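Take a look at the structure set out below.
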Amino acid sequence: MPELPRVEVNERAARRLRDGHPWAFRSDLRQDGGAQPGEVVRVVVRHRAGGRNGLGLAFFNPRSQIVLRMLGREETPPGRDFWAARLEAALELRQRLGGGDSAGRLVFSEADGLPGLIVDRYADVLVLQTLSAGAERLKGLFVELLSARLAPRAVVERNDSTARRLEGLPEQTGLLAGALSGPVEILEGGLRVEVDPLAGQKTGHYLDQRENRVRAAAYARGRCLDVFSYQGGFGLQLKRGGAAEVTLVDQSERALQAGLADARRNGLEVLTRAANAFDFLRDAHAAGERYEVVVLDPPAFARNRQSLEGAARGYKEINLRAMKLLAPGGVLITSSCSYHMLEDRFEAMLTEAARDVGRGVQLLERRGPARDHPERLGFPEGRYLKCFVLRLP
Ligand code: SAH
């Protein structure tokens with residue numbers, strides 16, 4: 001095995017890495033040892049008293065603010081078996097989680113010890129994202145190992161995420177293996193849903209909300225509203241659960257068309273409204289509409305810390321308006337997928353909205369992403385999705 005380049009970090013970074021955090025930043029870097037973007041390197045710290053300690057192995061990328069993404073404390077240069085074992089461990093977890101759905105996340109980046117690698121499964125199709133230079137460099141190997149292990153009909157690359165730009169990687173999509181020309185049908189919580197891995201949003205579907213969507217059916221009653229619906233995953237579950245009327249609201253006409261097709265596929269009926277959600281909620285309130293259940297699942301309003309103030313106002317506005325639309329005993333299923341909106345802050349925002357509507361709101365459930373999106377302890381950056389279920393008297 002060839003010797004790996006040694007990348008030296010400062011003591012502050014060394015402490016963070018020893019505490020289990022998986023990242024070192026550009027400002028932590030002392031020496032790059034001639035390492036190339038995407039290479040696996042040995043991370044070391046030199047102590048003031050002299051002497052050098054190994055901290056483990058990492059993906060290196062000098063083009064990113066996150067220059068090092070830790071792979072673990074191992075010292076042996078990773079070969080094919082190392083990567084195969086990491087993938088196998090991730091697959092084994094998903095097998096153990098079970099569930100009858102035919103779609104889910106198989107690999108979730110740092111949380112599965114594969115920084116930057118995302119693998120989603122839609123029936124017999126795999127969708128890959130390589131969002132770090134290290135994962136990008138190993139893309140061919142990952143496709144080969146996954147193909148040998150799972151025999152998918154196709155492997156699709158959805159590397160059109162803006163996260164790639166931050167790593168100095170080009171945005172690209174397409175087929176990496178097999179053949180696929182259109183959408184794939186999956187099973188989610190008893191419903192047949194069509195997902196388009198090549199052209200849908202994200203990798204085709206918002207898999208992180210899967211368990212929350214299925215859970216929503218338990219609250220179905222009367223008139224329901226699914227706002228920021230995308231293809232209506234929440235709304236269809238509400239309808240399946242026995243709601244009398246369900247309206248999907250999204251600004252994407254294409255997403256609503258897909259939602260209508262999914263509804264037909266399952267013998268369900270839903271209404272759709274192509275609109276800006278902010279306007280829709282305001283107009284519905286002005287018109288005196290009332291609903292038993294409102295779902296809010298907006299995109300990340302806060303993309304960075306600087307935009308958090310404006311984002312917090314946006315979150316509060318839609319939540320306040322949604323609360324005002326609820327009939328007595330009505331339920332609000334409200335989410336934020338913005339990492340910068342920490343859970344405490346999210347709860348404080350909802351508390352303010354509850355105060356403004358003047359109704360003592362009950363918190364029924366504090367939920368997160370589906371279990372196939374594990375979190376890594378000591379790595380708050382990986383915790384992003386909050387989903388609260390509230391009931392208004
Ligand atoms: N609830 C969905 C995922 C929603 S993703 C699910 O479980 O599958 C967020 C959605 O909000 C996207 O479909 C996007 O098209 C839509 N969107 C973003 N901004 C919007 C706005 N201002 N008004 C209405 N829809 C918006």
Side-chain angles (χ1 to χ4, degrees), residues 162-163 201-202 206 208-213 215-216 219 224-230 232-235 238 247-252 255 273-286 289 291 293-326 330-370 373 375 380-393:
T162 50
Q201 294 185 22
K202 291 248 236 171
Y206 289 86
D208 51 1
Q209 289 279 32
R210 181 172 48 89
E211 291 177 356
N212 297 331
R213 285 190 291 263
R215 177 70 189 143
Y219 295 102
C224 301
L225 204 53
D226 179 2
V227 186
F228 302 98
S229 65
Y230 187 46
F234 277 98
L238 287 165
T247 304
L248 314 180
V249 183
D250 202 282
Q251 69 186 10
S252 160
R273 277 288 297 277
N276 180 309
F278 287 81
D279 298 340
F280 176 89
L281 291 168
R282 192 190 51 231
D283 295 348
H285 179 242
E289 303 284 354
Y291 295 91
V293 180
V294 177
V295 176
L296 289 179
D297 185 17
F301 291 155
R303 299 244 171 239
N304 50 51
R305 218 174 304 154
Q306 293 72 35
S307 63
L308 183 58
E309 278 317 309
R313 275 195 299 279
Y315 282 116
K316 181 170 169 201
E317 181 178 336
I318 54 171
N319 279 280
L320 180 58
R321 290 191 192 288
M323 287 181 190
K324 287 182 175 167
L325 286 176
L326 284 171
V331 165
L332 174 62
I333 302 174
T334 180
S335 297
S336 164
C337 61
S338 176
Y339 154 70
H340 298 280
M341 187 76 175
L342 300 177
E343 182 164 324
D344 286 356
R345 183 81 195 257
F346 184 61
E347 187 170 337
M349 176 278 296
L350 291 170
T351 307
E352 268 182 46
R355 187 198 60 207
D356 290 1
V357 284
R359 293 163 76 176
V361 173
Q362 293 173 315
L363 175 56
L364 304 184
E365 295 191 50
R366 213 189 275 278
R367 304 177 60 92
H373 291 59
E375 271 174 31
E381 288 84 347
R383 187 184 316 150
Y384 68 105
L385 182 66
K386 286 79 55 187
C387 175
F388 281 22
V389 183
L390 308 175
R391 180 169 173 274
L392 276 79

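Side chains are part of it too, since the values below use all heavy atoms of this structure and drop only hydrogens, waters and symmetry mates. Quick caveat, the model's predicted, so the values are computed rather than measured.
For the pair Pro298 and Tyr315, the tightest heavy-atom approach, listed with the atom from each and the gap, is CG-CE2, 3.7 Å. Shortest non-hydrogen contact noted between Val227 and Ala277 is CG1-CB, 3.6 Å. Residues Leu296 and Ala322 share a closest heavy-atom pair of CD1-CB, 3.8 Å. The shortest heavy-atom contact between Ser229 and Leu248 is OG-CB, 3.6 Å. Across all their heavy atoms, Glu211 and Ala370 have their closest contact at OE1-CA, 3.5 Å. In terms of heavy-atom proximity, Cys387 sits nearest to Ile333 at SG-CG2, 3.9 Å.
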Leu326 and Val331: CA distance, side-chain angles, deciding distance, side-chain contact (heavy atoms from CB on, under 4.5 Å) verdict
CA-CA 7 Å; Leu326 284 171; Val331 165; 5.8 Å; no
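A perpendicular orientation is assigned to the rings of Phe346 and Phe388, their planes being inclined by more than 60° (bins at 30° and 60°).
Within the 4.5 Å cutoff, the side chain of Ile318 has no heavy atoms near those of the Arg321 side chain. Arg345 is listed as a side-chain neighbour of Leu308, based on a closest heavy-atom distance under 4.5 Å. The shortest side-chain heavy-atom distance between Tyr219 and Glu365 falls under the 4.5 Å cut-off. The side-chain heavy atoms of Phe301 and Met341, taken from C-beta on, include no pair separated by under 4.5 Å. Side-chain contact between Leu385 and Cys337 is present, with heavy atoms from C-beta onward closer than 4.5 Å. In this structure the side chain of Arg215 never reaches within 4.5 angstrom of the side chain of Val389, judged on heavy atoms. Side-chain contact check for Lys202 versus Asp208: some heavy-atom pair is nearer than 4.5 Å. Using a 4.5 Å cut-off on side-chain heavy atoms (C-beta onward), Met323 and Leu350 make contact.
Side-chain contact check for Asp297 and Tyr206: no donor-acceptor pair (N or O, by modelled atom type) lies under 3.5 Å.
Test Leu364, Leu390, Leu325 against Leu332 for side-chain contact (heavy atoms from CB on, under 4.5 Å) and you get one pass: Leu390.
Distance check: Arg367 CZ to Gln209 CD gives 9.5 Å after rounding to the nearest 0.5 Å. In this structure, the separation between CD on Glu289 and CG on Asp283 is 10.0 Å, given to the nearest 0.5 Å. One distance of note links CG of Asn319 with OG1 of Thr334; it measures 3.5 Å at 0.5 Å rounding. In this structure, CZ in Arg366 is found 5.5 Å from CD in Glu343, a value given to the nearest 0.5 Å.
Judged by distance alone, with hydrogens and angles left aside, the side-chain atoms of Lys386 form a donor-acceptor pair with the main-chain N or O of Ser338 at under 3.5 Å. Judged by distance alone, with hydrogens and angles left aside, the side-chain atoms of Tyr230 form a donor-acceptor pair with the main-chain N or O of Gln201 at under 3.5 Å. Proximity of a side-chain donor or acceptor of Asn212 to a complementary backbone N or O of Gly368 within less than 3.5 Å is detected. In terms of modelled atom types and a separation under 3.5 Å, the side chain of Arg359 and the main chain of Pro393 share a donor-acceptor contact.
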